[in-house]
Amino acid sequence: MAANEQGMKSRVVKVDSEETWNLFITQATNRSCPVVVHFTASWCMPSVVMNPFFEELALNYQDILFLVVDVDEVKKVASTMQIKAMPTFLLMKNGAAVDKLVGANPDEIRKRISSFRSDQ
């Protein structure tokens, strides 16, 4: 049985529509909660490989909202946020992007999230 099936609930929230995206970003903004978004695609192996790492980050940074967006399922959001390659990690505050990292670089993502978090 996988860990998720044994009661570990994921802290990463999947965005499945533009409406869901707007709802989560609005809620996070109203609560002054920073957001980290993983733009991914099921066919992109570097993105898929980053999923467990992104889950780990979500567990370690409980004060940040972690979202995952499949660019093929929610094209409008990917287009609006100017996502051109996967994986792309977007750090947002107050509804606006403040940092973007393209590529599967776990150390750099962790460093930027730590810095992003301390800027609050």
Side-chain angles (χ1 to χ4, degrees):
M1 193 184 293
N4 282 351
E5 294 170 353
Q6 293 177 6
M8 276 183 55
K9 184 160 174 23
S10 172
R11 284 206 64 252
V12 176
V13 180
K14 181 175 170 64
V15 173
D16 57 9
S17 68
E18 187 179 3
E19 294 75 23
T20 306
W21 168 264
N22 291 333
L23 175 70
F24 283 122
I25 297 303
T26 299
Q27 287 178 345
T29 301
N30 290 343
R31 296 180 183 145
S32 298
C33 176
V35 181
V36 178
V37 188
H38 176 194
F39 286 91
T40 185
S42 60
W43 48 263
C44 176
M45 279 306 107
S47 281
V48 172
V49 167
M50 290 301 292
N51 287 336
F53 175 73
F54 199 63
E55 291 280 353
E56 176 193 324
L57 288 173
L59 290 171
N60 291 332
Y61 296 99
Q62 299 276 328
D63 56 333
I64 296 175
L65 174 61
F66 285 80
L67 300 176
V68 64
V69 177
D70 185 310
V71 298
D72 293 323
E73 293 176 15
V74 196
K75 292 178 180 165
K76 178 93 167 110
V77 171
S79 174
T80 301
M81 301 312 293
Q82 301 179 351
I83 305 305
K84 308 286 186 213
M86 278 64 67
T88 295
F89 297 88
L90 197 63
L91 286 69
M92 301 179 70
K93 282 188 183 169
N94 301 317
V98 295
D99 196 5
K100 181 189 279 189
L101 177 67
V102 178
N105 185 336
D107 293 336
E108 184 64 21
I109 294 166
R110 191 183 308 274
K111 186 170 90 178
R112 291 202 194 179
I113 289 174
S114 292
S115 171
F116 169 64
R117 188 173 177 219
S118 64
D119 288 345
Q120 293 190 85

Mutual orientation of the aromatic rings belonging to F39 and W21 [parallel < 30°, tilted 30-60°, perpendicular > 60°]: tilted
For [X] versus [Y], what's the shortest heavy-atom pair and its separation?
X: T20; Y: S17; answer: OG1-OG, 2.8 Å
X: A41; Y: M86; answer: N-CG, 4.1 Å
X: A28; Y: V35; answer: CB-CG2, 3.5 Å
X: V71; Y: A78; answer: CG1-CB, 3.8 Å
X: S10; Y: V12; answer: OG-N, 3.0 Å
X: H38; Y: P87; answer: NE2-CB, 3.6 Å

Determine yes or no for a side-chain-to-main-chain donor-acceptor pair under 3.5 angstrom, with [X] supplying the side chain and [Y] the backbone.
X: R112; Y: K100; value: yes
X: K84; Y: V102; value: no
X: R11; Y: L57; value: no

Determine whether more than 12 heavy atoms belonging to other residues, nucleotides or ligands lie under 6.0 Å from atom CD of Q62. yes
Can you tell me if K75 has over 12 outside heavy atoms packed within less than 6.0 Å of its NZ? no
When you compare the side chain of [Y] with that of [X], does any pair of heavy atoms fall below 4.5 Å?
X: E19; Y: L23; answer: no
X: F116; Y: V36; answer: yes
X: D70; Y: K14; answer: yes
X: N51; Y: F53; answer: no

Connected via hydrophobic side-chain network under 4.5 Å: [X] and [Y]:
X: F66; Y: V15; answer: no
X: V74; Y: M92; answer: yes
X: L65; Y: I83; answer: yes
X: W43; Y: V49; answer: no
X: Y61; Y: F54; answer: yes

Nearest 0.5 Å please: distance from the CZ atom of R110 over to the CG atom of N105. 11.0 Å
Rounded to the nearest 0.5 Å, what's the gap from CD1 on I25 to SG on C33? Could you check? 9.5 Å
Given the rule in the side chain to side chain contact (heavy atoms under 4.5 Å, CB included) test, do V37 and M81 qualify, once you have shown the distances and angles that lead to the verdict? CA-CA 11 Å; V37 188; M81 301 312 293; over 6 Å; no
Can you check side chain to side chain contact (heavy atoms under 4.5 Å, CB included) on D107 and K111, steps first, answer last? CA-CA 6 Å; D107 293 336; K111 186 170 90 178; over 6 Å; no
Going through the distances and angles, do L67 and L90 end up as a side chain to side chain contact (heavy atoms under 4.5 Å, CB included)? CA-CA 10 Å; L67 300 176; L90 197 63; over 6 Å; no
